[in-house]
2 protein chains.
Amino acid sequence: MEKNTDAILRKNHLSITDGRRRILELFLQQDGALSHGDIEKKAGEKFDRVTVYRTLQVFLEKGLIHSIPSVDNSIRYALCKDDCSGGRHRDDHVHFVCTSCGTTVCLEDVVVPAVKLPGGYVSEQVEMLVSGICKSCNH
Amino acid sequence: MEKNTDAILRKNHLSITDGRRRILELFLQQDGALSHGDIEKKAGEKFDRVTVYRTLQVFLEKGLIHSIPSVDNSIRYALCKDDCSGGRHRDDHVHFVCTSCGTTVCLEDVVVPAVKLPGGYVSEQVEMLVSGICKSCNH
DNA sequence: GTAACTGCAAAATATTTGCATCCTT
DNA sequence: AAGGATGCAAATATTTTGCAGTTAC
């Protein structure tokens, strides 16, 4: 049986290698977003730091993942939904950062509301970043 | 006559030094946001890199400036409006990044629209980052 | 077989920390 | 005078680049 990861890589016109499989696996195993550091930690020792950089960059270019800015200096990445691999992204959902457990998740179902800009400004893309307490931490 | 910068520093309970004056001056001279690198460049050679780090951090703590995340790995900073120095910020405005000239500005007049989160999530702070073409680049 | 991917080494950058000195109050 | 701020040196951490060996197709 072919691995799930392999199908995804193939669909995105990427050659299938152990490194890519493994990183992709990490993303599939959880719904939260991962930073470069997270990946290095979770992938274990036998992984070159440089490969992680290059893999993330390729995944980004191919639209397999998207980047999520943050207020501390660490960008996180999350899987894109299926239909965004065509080159242009449709990441119009809200990102949530939990101030308690520190995880970042995509709220796929929450669409970023429209915003009216002053005259002269043209909006191309909107990122919305909400911080607070997540579902798991809140009880 | 007392300098404008000095009054601001005093109001924020910061001792008045050349370094702080100069960095604050940079923020006052323009309406866009500045990254650490921007400040180093604009401040000229006679400035220790470390002082910039420490000054920005102090300004942040005192609520004199706020940080603006970005999709590339560089956080930018912008002056807060007067009434946000009390410790808690009211930075509920939209930030705009121009993809043409690269500048980041605060759209003070554009309030971040409310967003409805799924059950269990509690929102504490919302950041909205719009990218596109700014007023100056658009003609 | 060829082009692409990886690991290693090293360079280039960026950030943090400790400490002695200087400046603000 | 005392506490805080700065500059310098150095320790860390992060990211990028070149190249030779390996792997996918």
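Every chain is numbered from 1 and lettered A, B, ... according to where its sequence line falls, protein lines coming before strand lines. Computed over heavy atoms, backbone and side chain alike; hydrogens, waters and symmetry mates excluded.
What separates CD1 of Ile23(A) from C1' of dT6(C) is a distance of 11 Å, to the nearest Å. At whole-Å resolution of the value, CG in Leu56(A) and P in dT16(D) are 11 Å apart. In this entry the distance linking CZ of Arg49(B) with P of dT16(C) reads 12 Å, nearest Å. Spacing between atom CZ of Arg21(B) and atom P of dA5(D) amounts to 15 Å, rounded to whole angstrom units. Taking atom NZ of Lys62(A) as the reference point, atom P of dA4(C) lies 11 Å away to the nearest angstrom. In this structure, Asp48(B) atom CG and dA10(D) atom C1' are separated by 13 Å, rounded to whole Å. Distance CG (Leu14(A)) to C1' (dT23(D)): 15 Å, rounded to an integer number of Å. In this structure, Ile16(A) atom CD1 and dA3(C) atom C1' are separated by 16 Å, rounded to whole Å.
Using a 30° and 60° split on the angle between ring planes, His66(A) and His93(A) fall in the perpendicular class, above 60°.
In terms of phosphate contacts, Arg20(A) brings a side-chain nitrogen or oxygen within less than 4.0 Å of OP1 or OP2 of dC5(C). Close to dG7(C), at under 4.0 Å from its OP1 or OP2, lies a side-chain N or O of Thr51(A). At dT15(C), one or more side-chain N or O atoms of Asn73(A) fall inside 4.0 Å of OP1 or OP2 (strictly under the cut-off). Between Ser15(A) and dC5(C) there is a side-chain polar atom (N or O) within less than 4.0 angstrom of OP1 or OP2. One finds a side-chain N or O of Thr17(B) lying less than 4.0 angstrom from the OP1 or OP2 phosphate oxygen of dT6(D).
Comparing dT15(D), dT6(D), dC25(D) by their nearest atom to the side chain of Thr55(B) picks out dT6(D). When distances run from any side-chain atom of Arg54(A) to the nucleotides dT16(C), dC19(C), dG18(D), the shortest one goes to dG18(D). Which of dT16(D), dT17(C), dT15(D) sits closest to the side chain of His36(A) comes down to dT15(D). When distances are taken from the side chain of Val50(B) to each of dT15(C), dA9(D), dT14(D), the shortest belongs to dA9(D).
Under the 3.5 Å distance criterion, the side-chain polar atoms of Arg20(A) are matched with a main-chain donor or acceptor of Ser15(A). Checking side-chain atoms of Thr5(B) against main-chain N and O of Leu24(B) turns up no donor-acceptor pair under 3.5 Å.
For the side-chain contact (heavy atoms from CB on, under 4.5 Å) with Leu56(B), the lone residue among Leu64(B), Ile39(B), Leu34(B) that qualifies is Ile39(B).
Val58(B) comes within contact range of no nucleotide atom at all, as no heavy-atom separation falls under 4.0 Å.
Tyr77(B) and Phe59(B) have their aromatic ring centers separated by at least 6.0 angstrom.
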